Structure formats: C-alpha cells, structure tokens
There are 2 protein chains.
Amino acid sequence: MSNIEANYIAKLRNSGLRPTKQRIKICEVLFNREKTFHFSISELIKIIQSQHNQKISLATVYNTVHAFRKKGYLKEISIGNDISYFDTNTSSHHHFYDEYTRELIDIDSQEVEIKKTPTPPAGKKIKDIEVTFKISKKF
Amino acid sequence: MSNIEANYIAKLRNSGLRPTKQRIKICEVLFNREKTFHFSISELIKIIQSQHNQKISLATVYNTVHAFRKKGYLKEISIGNDISYFDTNTSSHHHFYDEYTRELIDIDSQEVEIKKTPTPPAGKKIKDIEVTFKISKKF
DNA sequence: ACATACTTTATAATAGTTCTAAACTATAGT
DNA sequence: ACTATAGTTTAGAACTATTATAAAGTATGT
Ligand SMILES: [Mn+2]
Ligand SMILES: [Mn+2]
Ligand SMILES: [Zn+2]
Ligand SMILES: [Zn+2]
C-alpha cells in the first residue's frame with residue numbers, strides 16, 4: 001500500500017466513510033493532483049475507466065461524489081444548466097470559463113479586486129461573491 | 001387588437017418569426033413588464049395557464065423560448081445545474097442570487113466596480129465578466 | 001469467525017429537455 | 001378570395017442526467 005493511499009484511508013475513516021477500494025480510487029483520481037480539478041460525473045467515470053482500467057458503477061460514482069461534497073471535500077459548480085460540475089477547490093474563488101470548451105480555471109483571490117459592491121435587497125445579506133470571467137480564443 | 005399586441009406582431013415579423021397567437025401571448029408574458037424577468041420554462045407555463053387561462057403546449061413554449069434566445073431577445077442564465085433559467089435582460093449584467101429561494105435580481109452596472117482583473121490564460125481573451133452576489137436571509 | 005451496519009451494484013424510476021411526425025396556420029402568389 | 005407552401009403547434013415518444021430501489025457484497029467491532 002502506497003503512502004498516498006494510506007493517507008486517503010485515514011482521511012476517509014476520520015470522515016466516517018469506510019475506505020472501500022472504490023472510494024480510495026476516486027480519491028486518487030480527484031485529489032492526487034497539483035492543480036484544482038473541475039469535472040463532471042461522466043468525465044470522472046471516463047478517467048477511472050481509461051487511465052486506471054477499473055470499473056466503478058455509475059451509482060457508486062454519484063454516491064461517492066455526493067458523499068465527498070457533503071463532507072466538504074468537493075464543491076458543486078453552477079456552470080451550464082445541463083450537467084453538474086464539481087470542483088476540488090472548495091474555497092470561495094473566481095473562475096475563468098470558456099463556454100466553448102466548457103473549461104473552468106481557478107483564479108487566485110489576489111488577482112481580483114472588487115471596489116464597489118451593491119447594497120443587497122432589504123432583509124438579505126451578501127454571503128459570497130463569485131466572479132466568472134468568460135473567455136474565448138484570441139484571434 | 002391592442003397597441004402592445006400590434007407592436008409584438010411587428011417585432012416578430014421583423015425577426016422572421018410568424019406572429020402566431022402563442023408567440024404573441026408569450027411576448028406579453030415575458031416582455032410587457034417594468035422589471036427584468038428571470039424564469040424557468042415551468043414557471044413560464046404556470047403563468048400562462050393561471051394568469052392568462054390559456055394553454056400552450058410544452059413543446060411550443062420550449063420552441064418559442066429557444067427561438068427568442070436565438071434572436072437575442074432572451075439570455076440563458078447559468079444558475080443551478082438542474083434546470084434552465086432565462087433572462088429578459090440580454091445585456092451583460094450582474095446578479096443577486098438567493099440559492100435558497102432560487103431568486104435572481106439584476107444589479108445596475110454602476111453598482112459594481114471591478115478594480116483588478118486577472119490575466120487570461122495564453123491565447124485567450126476575456127469576453128465578459130459576470131459577478132454573482134450570493135445572498136441569504138439576514139437574521 | 002460472526003453479526004451488523006455500511007456500501008456497491010444493476011436496474012428501474014424520475015425529471016428536464018429535445019425529437020418526431022401529423023395536424024394546423026400564416027402568408028405569398030395567383 | 002383560393003391555393004400552395006413553408007412555417008408552426010401539438011401530443012407523445014425518445015433521450016439524458018440524475019436519483020431511488022433493493023439485493024448482494026464488504027468493512028469493522030466484538
Ligand atoms: Mn436537464
Ligand atoms: Mn440534470
Ligand atoms: Zn474552481
Ligand atoms: Zn438578469
């Protein structure tokens with residue numbers, strides 16, 4: 001057993017999730033990365049099947065992603081209105097988004113400064129600010 | 001025939017869309033308003049049926065909304081990842097969004113100022129900036 | 001090893017949306 | 001006004017993402 005794997009097992013146990021081989025594999029795919037990972041369920045399944053030559057059932061992938069989201073290890077992203085996207089960066093942050101390629105890229109908080117924020121409607125308060133910079137190919 | 005109706009007929013014709021009674025009715029529901037209207041297809045159908053006591057088939061409502069979007073009279077909004085929302089404000093603008101009530105409210109451009117914008121990835125340019133101010137009930 | 005609660009899985013169900021094809025209708029040409 | 005035609009509406013089927021079901025499998029405490 002690798003060090004990385006042992007680490008995921010410990011983290012899963014600490015979260016009250018049994019470290020099954022499916023969950024450990026999904027941890028490796030999702031969290032063993034340099035950069036933030038943005039993905040859809042179908043993309044995740046493709047990676048597991050092609051790169052890791054393992055088959056995890058559709059229901060389990062959904063169950064696991066939702067379990068990780070509930071535990072705060074994944075954030076669901078509201079981009080596009082057809083399929084769900086998830087983000088391994090669970091902090092409040094901004095994105096570049098290419099509508100054509102449907103690619104999301106994280107932006108460092110310090111790269112964006114909002115000078116003026118609007119007054120929220122009566123009885124409501126601002127909980128979070130998310131900026132999407134829509135990008136496209138330069139010609 | 002009312003003045004308003006005649007106006008929609010002219011606009012539909014100018015857009016190359018035949019002014020059917022279904023399209024005229026949908027125009028009235030969508031565009032005969034003081035404020036920007038944010039809606040889902042099912043909300044739109046409910047309004048047509050309850051407030052106007054008219055039945056327009058589901059397929060026609062979808063067809064019409066998409067036709068209007070293609071002509072630039074509606075904008076599709078990427079909020080939530082389950083159902084599609086549309087916006088009668090087709091300009092680039094920012095929103096308040098209450099995740100709990102799923103309510104969208106437009107923000108005047110002058111109410112938001114972005115001081116610092118990030119450098120886009122190589123080969124890409126920023127096409128649009130959209131800020132979502134997530135709001136919730138104040139306690 | 002055993003009991004048990006948790007997990008995985010194939011499959012069915014659900015929900016939003018799009019497709020299909022037949023009936024209907026607006027419109028241009030006569 | 002009549003007709004031909006292309007555009008439109010419609011009910012229902014098909015499709016796709018997601019969630020529910022329930023039976024088989026597995027991790028874990030004793
Ligand atoms: Mn959908
Ligand atoms: Mn969906
Ligand atoms: Zn992100
Ligand atoms: Zn708006």
Side-chain angles (χ1 to χ4, degrees), chain A residues 1 5-6 8-29 38-49 52 54-71 73-74 76-86 102, chain B residues 1 5-6 8-29 38-49 52 54-71 73-74 76-86 102:
Chain A
M1 191 193 307
E5 198 175 322
Y8 291 135
I9 291 171
K11 279 179 178 158
L12 286 165
R13 279 222 186 82
N14 283 334
S15 310
L17 297 169
R18 288 186 182 175
T20 64
K21 69 174 196 299
Q22 291 87 345
R23 284 173 175 164
I24 296 162
K25 176 55 64 186
I26 291 171
C27 279
E28 282 169 2
V29 173
H38 303 96
F39 64 97
S40 67
I41 298 285
S42 64
E43 285 163 1
L44 177 54
I45 288 172
K46 270 185 212 126
I47 292 169
I48 295 165
Q49 288 184 345
H52 298 258
Q54 188 173 329
K55 205 233 165 186
I56 301 178
S57 80
L58 181 65
T60 298
V61 176
Y62 272 101
N63 287 342
T64 303
V65 166
H66 284 136
F68 288 179
R69 175 176 54 72
K70 278 172 197 146
K71 295 294 178 184
Y73 302 134
L74 289 174
E76 198 160 2
I77 299 290
S78 289
I79 283 286
N81 33 23
D82 39 0
I83 62 173
S84 279
Y85 283 90
F86 297 89
R102 300 197 137 200
Chain B
M1 190 194 306
E5 198 176 321
Y8 291 135
I9 290 171
K11 278 179 178 159
L12 286 165
R13 279 223 185 81
N14 283 334
S15 309
L17 298 170
R18 288 187 181 174
T20 64
K21 69 177 196 299
Q22 292 86 345
R23 284 174 175 163
I24 295 163
K25 176 55 65 185
I26 291 172
C27 279
E28 282 170 2
V29 173
H38 302 96
F39 64 97
S40 67
I41 297 285
S42 63
E43 285 164 2
L44 177 54
I45 287 172
K46 270 184 213 128
I47 292 169
I48 295 165
Q49 287 183 347
H52 297 258
Q54 188 172 331
K55 206 233 165 188
I56 301 179
S57 80
L58 181 64
T60 298
V61 176
Y62 272 100
N63 287 343
T64 303
V65 166
H66 284 135
F68 288 180
R69 175 178 53 73
K70 277 172 199 147
K71 295 295 179 185
Y73 301 134
L74 290 174
E76 196 159 5
I77 299 290
S78 290
I79 283 286
N81 34 24
D82 39 2
I83 62 173
S84 279
Y85 283 91
F86 297 89
R102 301 197 137 199

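The sequence lines fix the lettering, A, B, ..., with proteins before strands; numbering per chain opens at 1. As the structure is a computational prediction, the values presented were derived from the model and not from experiment. These numbers come from the heavy atoms of this one structure, side chains and all, not from hydrogens, waters or symmetry mates.
- Put simply, the side chain of A:R23 never gets that close to the backbone of A:T64: no donor and acceptor are under 3.5 Å apart.
- Residues forming a side-chain contact (heavy atoms from CB on, under 4.5 Å) with A:Q49 (at least two apart in sequence, or on another chain): A:I45, A:K55.
- Distances shorter than 4.0 Å separate some side-chain N or O of B:H66 from OP1 or OP2 on C:dT18.
- Among D:dT9, D:dT8, C:dT17, the nucleotide with an atom closest to any side-chain atom of B:L58 is C:dT17.
- Comparing D:dT10, D:dA20, D:dT8 by their nearest atom to the side chain of B:I56 picks out D:dT10.
- An OP1 or OP2 oxygen of C:dA10 is reached within less than 4.0 angstrom by a side-chain nitrogen or oxygen of A:K55.
- When the side-chain nitrogen and oxygen atoms of B:S84 are compared with OP1 and OP2 of C:dT17, one or more of them lie within a distance under 4.0 Å.
- Between B:S57 and D:dT9, a side-chain N or O to OP1/OP2 separation shorter than 4.0 Å is absent.
- B:R13 places its CZ atom 10 Å from the P atom of C:dA26, with the value rounded to the nearest Å.
- Comparing C:dT8, D:dA27, D:dT9 by their nearest atom to the side chain of B:T64 picks out D:dT9.
- Closest to the side chain of A:I83, out of C:dT9, C:dT17, D:dA17, is D:dA17.
- Among D:dA11, C:dG16, C:dA10, the nucleotide with an atom closest to any side-chain atom of A:A59 is C:dA10.
- Considering only side-chain N and O atoms, A:R23 lies under 4.0 angstrom from the phosphate OP1 or OP2 of C:dT7.
- Relative to the side chain of B:Y62, the nucleotides D:dA6, C:dG16, D:dT28 differ in distance, and C:dG16 lies closest.
- For the helix from C:dA1-D:dT30 to C:dT30-D:dA1, the rotation axes defined at the first and last 5 base pairs enclose an angle of 30°, given to the nearest 10°.
- Closest approach to the B:T20 side chain among D:dT9, C:dT9, C:dT25 is made by D:dT9 (side chain taken as heavy atoms from C-beta onward).
- Between C:dT25 and B:Q22, no contact under 4.0 Å exists linking OP1 or OP2 to a side-chain N or O.
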